[in-house]
Amino acid sequence: MKKTFRVRRRTVAKDTVAGVVLGVESVPDGLASGLLAGVNPLAGLYAYLFGTLGGAVFTSSAFMAVQGTGAMGIIVADVPSVHAAADPARALFTLSMLTGLIMVVAGLLRLGFVLRFVPNTVMVAFLSAVGVNIVLGQLSNFTGYEADGANRVLRALDTLVHPTLLDAQSVATGAVTIALILLLERTRIGAFGLVVAVAVTSVAVPLLGWTGVRVVEDLSTVPNALPMPVVPDLRAVPGLLVPALALAFVGLLQGAAISAGFPNPDGRYPDASRDFIGQGAANVTSGVFQGMPVGGSVSGTSLNRAAGARSRLSLFIAAAVMAVVVMAFADVVGRIVMPALAGLLMLIGLRTIKPAALAAVWRTGSVQKTVLASTFVLTMLIPLQYAVLAGVGLSVVLHVIRQSHQVTIRRWRLDAGGQVVESDPPAALSGDEVVVLQPYGSLMFAAARVLEEQLPAPARNCVVIIRLRGREQLDTTFLGVVRRYAEALRACDSRLMLVSASERVRRQLRVAGLTELVEVYPGDERVGASVRRAHDDATAWIRERRDT
């Protein structure tokens, strides 16, 4: 941390340029983020300022820009506990702090492994649906028409069927902004094209006398000072807990992608858990200073690196630039036109949709199609905080189902040279034989039932050996399978042996009372030695019984 934070004279110039680029670009982007969330646009700007500053201080990543993201903005827009609160602003700030605390706890407990349970199919569908939601959610600001409807899809349909009620000046302003961004991005000014496009349309609107186009100061007065600290509303915490969990999950998921994709100046990758803590601290800082929830921003981080950043100094400079803009150019910020910000957000939303990724997942198989369609529809129709949690639950269920169907059993035989030869297990045992079985895959929960169905049917005077090497713990469901199979074999005057069992597994078998039914052979460092010993004992037992 200290090594990446140290200011080096040879990199100050490049960090300064990158910080100025990121800071200037973040002003309209931050306002648009607040607009996307359906809150005071200043809450988005303050979130960018203090989120960037807090992230620069606490994250392990030297380049991560902790700012508002489209997915998090859409979630905030769907939180009734914020918008219907007696004091919506304070409820929003409380949501930011609560989200930050959850992120900090996740980092301290090193819960990054939870993100592994979210398959790519769910994320592709979720992010694409978020992109569509961003576009649909900005139609009112883009067109100047306040549509009716219970969700964004219905409000979009209402807008389409009332074209005569749209404000032509607002539509023209938004359309010109999008066209300018697309045009200027192809020139040498690159990322600054976004800032220039919003500035040009914001200047042109009053010059043309278009008084019907709304501006930022129509929603809130822009003070020429930094916000004062606020305290959370503890009474609102119960109603904000689920949205905070969803925001934390999405923010950490996007931040984990940054941790894995942007190495630090020394070439080493950041500590994801430390980045969780940093994002949490950034959210607490954002909430204390009247900002909305933030997370690791892929676009902001990419812009920071593309502009030439060499250390985290660029993030401090970006925060300083935003602070100067707020204090010195408050009047200019207040005159930014809303359709321009809406056009910017709609363009961001369209770029969030990845048709190639959607098509690739769709071609993968019927299960992936079902998951993709279900996640997309849920994200479009229900509040995003519940869609996120539903996606996580669906991911866990899919993981369990997938694991339960991947369990297989192979029969082991030794050839003349002592090599192991695998083959399919028999459907039923033959008399006077030893069968060695090697299970592959999970033996937990439903997988144990699948395994039971693959075990060969018992016969007289046989021994079945199940190899458990590498299994450090057995599920109670699997222990039940062992008991039933051992009893079925004993009823046919046959036996069951378990080999390569660890000390923990042997203890579980003793506690479950299975050592009276099953012979247990401990494993050692010689692979296959326990199996050979059990096989020799089983062969001798069968020969002895056959002879008598």
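- Under the salt bridge (charged side-chain N to carboxylate O under 4.0 Å, His left out) criterion, no residue pair touches residues 326-336, with sequence neighbours excluded.
- Distance alone, capped at 3.5 Å, places no donor-acceptor pair between the D78 side chain and the I75 backbone.
- Partners of F50 under the ring-ring contact (aromatic ring centres under 6.0 Å, His included) rule, at least two apart in sequence or in another chain, are F289.
- Here the closest non-hydrogen pair linking V79 and H83 is O-CD2, 3.1 Å.
- Distance CG/L315 to CG/L22: 7.0 Å, rounded to 0.5 Å.
- With hydrogens and angles disregarded, no donor-acceptor distance shorter than 3.5 Å links the side chain of R152 to the backbone of L381.
- At least one donor-acceptor pair under 3.5 Å links the side chain of Q290 to the backbone N or O of M228.
- Not one N or O on the side chain of S128 forms a donor-acceptor pair closer than 3.5 Å with the backbone of A125.
- The side chain to side chain donor-acceptor pair (under 3.5 Å) analysis of residues 253-262, with sequence neighbours excluded, yields the pairs T69-Q254, S259-D275.
- Put simply, the side chain of R312 gets close to the backbone of A56: a donor and an acceptor are under 3.5 Å apart.
- In this structure, the side chain of N264 engages the main chain of S60 through a donor-acceptor pair within 3.5 Å.
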Worksheet entry | Verdict with supporting geometry, F93 and V231, side-chain contact (heavy atoms from CB on, under 4.5 Å) | CA-CA 8 Å; F93 311 148; V231 295; over 6 Å; no
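- When every heavy atom of L53 is checked against every heavy atom of A319, the shortest pair comes out as CB-CB, 4.1 Å.
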Worksheet item: Could you go step by step and tell me if S170 and W210 meet the side-chain contact (heavy atoms from CB on, under 4.5 Å) rule?
Response: CA-CA 9 Å; S170 296; W210 290 358; over 6 Å; no
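- Listed by first and then second residue, the ring pair (Phe, Tyr, Trp, His ring centres under 6.0 Å) pairs involving residues 327-370 amount to none (not counting sequence neighbours).
- Judged purely by atom type and a 3.5 angstrom limit, N133 uses its side chain to pair as donor or acceptor with the backbone of A129.
- D87 has no carboxylate O lying under 4.0 Å from a charged side-chain N of R235, or vice versa, which leaves the two without a salt bridge.
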Worksheet item: Given the rule in the salt bridge (charged side-chain N to carboxylate O under 4.0 Å, His left out) test, do D167 and R214 qualify, once you have shown the distances and angles that lead to the verdict?
Response: CA-CA 11 Å; D167 183 68; R214 294 188 300 169; over 6 Å; no
Fill in: Pair I74-T379, side-chain contact (heavy atoms from CB on, under 4.5 Å): steps then yes or no
CA-CA 10 Å; I74 287 290; T379 308; over 6 Å; no
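- Here the closest non-hydrogen pair linking V294 and G51 is CG2-CA, 4.3 Å.
- The closest side-chain heavy-atom distance from M103 to L252 is below 4.5 Å.
- Partner of F142 under the side chain to side chain contact (heavy atoms under 4.5 Å, CB included) criterion, out of T177, L345, T173, I178: I178 alone.
- Between V132 and F376, some side-chain heavy-atom pair lies under the 4.5 Å cut-off.
- A heavy-atom distance below 4.5 Å is found between the side chains of S33 and M292.
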Practice prompt. Take M97 and N283 through the side-chain contact (heavy atoms from CB on, under 4.5 Å) test and state the conclusion after the steps.
Written response: CA-CA 6 Å; M97 297 181 212; N283 266 286; over 6 Å; no
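- Evaluation of the salt bridge (charged side-chain N to carboxylate O under 4.0 Å, His left out) test over residues 350-378, restricted to residues two or more places apart or in two chains, returns E185-R351.
- Within the 4.5 Å cutoff, side-chain heavy atoms of V242 are placed close to those of Y386.
- A donor-acceptor contact closer than 3.5 angstrom links the side chains of S26 and Q67.
- Side-chain contact check for P339 versus N141: every heavy-atom pair is 4.5 Å or farther apart.
- The two atoms that bring D271 and R110 nearest to each other are OD1-NH2, 3.6 Å, heavy atoms only.
- The closest donor-acceptor contact from the side chain of S202 to the backbone of V337 lies under 3.5 Å.
- Proximity of V39 to P88: side-chain heavy atoms (C-beta onward) are nowhere separated by under 4.5 Å.
- For S140 (side chain) and E146 (main-chain N/O), no donor-acceptor pair under 3.5 Å exists by modelled atom type.
- Note: L234 CG to T94 OG1 = 7.5 Å, rounded to the nearest 0.5 Å.
- Taking all atoms of both residues into account, the shortest heavy-atom contact from T477 to R449 is CG2-NE, 3.9 Å.
- In terms of heavy-atom proximity, S81 sits nearest to L240 at CB-CD2, 3.6 Å.
- Atom CE of M346 sits about 11.0 Å away from atom CD1 of I134, to the nearest 0.5 Å.
- To the nearest 0.5 Å, atom CG of residue L180 and atom CG of residue L194 are 11.0 Å apart.
- In this model, a donor atom of one side chain and an acceptor atom of the other lie less than 3.5 Å apart for S299 and S297.
- Using modelled atom types, one finds a donor on one side chain and an acceptor on the other under 3.5 Å when comparing S314 with N304.
- At a threshold of 4.5 Å between non-hydrogen side-chain atoms, the residues L139 and R155 do not count as touching.
- Atom CD1 of I258 is separated from atom OG1 of T301 by 3.5 Å, given to the nearest 0.5 angstrom.
- Residues M338 and V213 have side chains not in contact (no heavy-atom distance under 4.5 Å, counting atoms from C-beta outward).
- To the nearest 0.5 Å, the span separating OG1 on T476 from CE on M444 amounts to 8.0 Å.
- In this structure, T201 contributes its side chain and A197 its backbone to a donor-acceptor pair below 3.5 Å.
- Applying the salt bridge (charged side-chain N to carboxylate O under 4.0 Å, His left out) test to every pair with at least one member in residues 119-137, sequence neighbours left out, gives no pairs at all.
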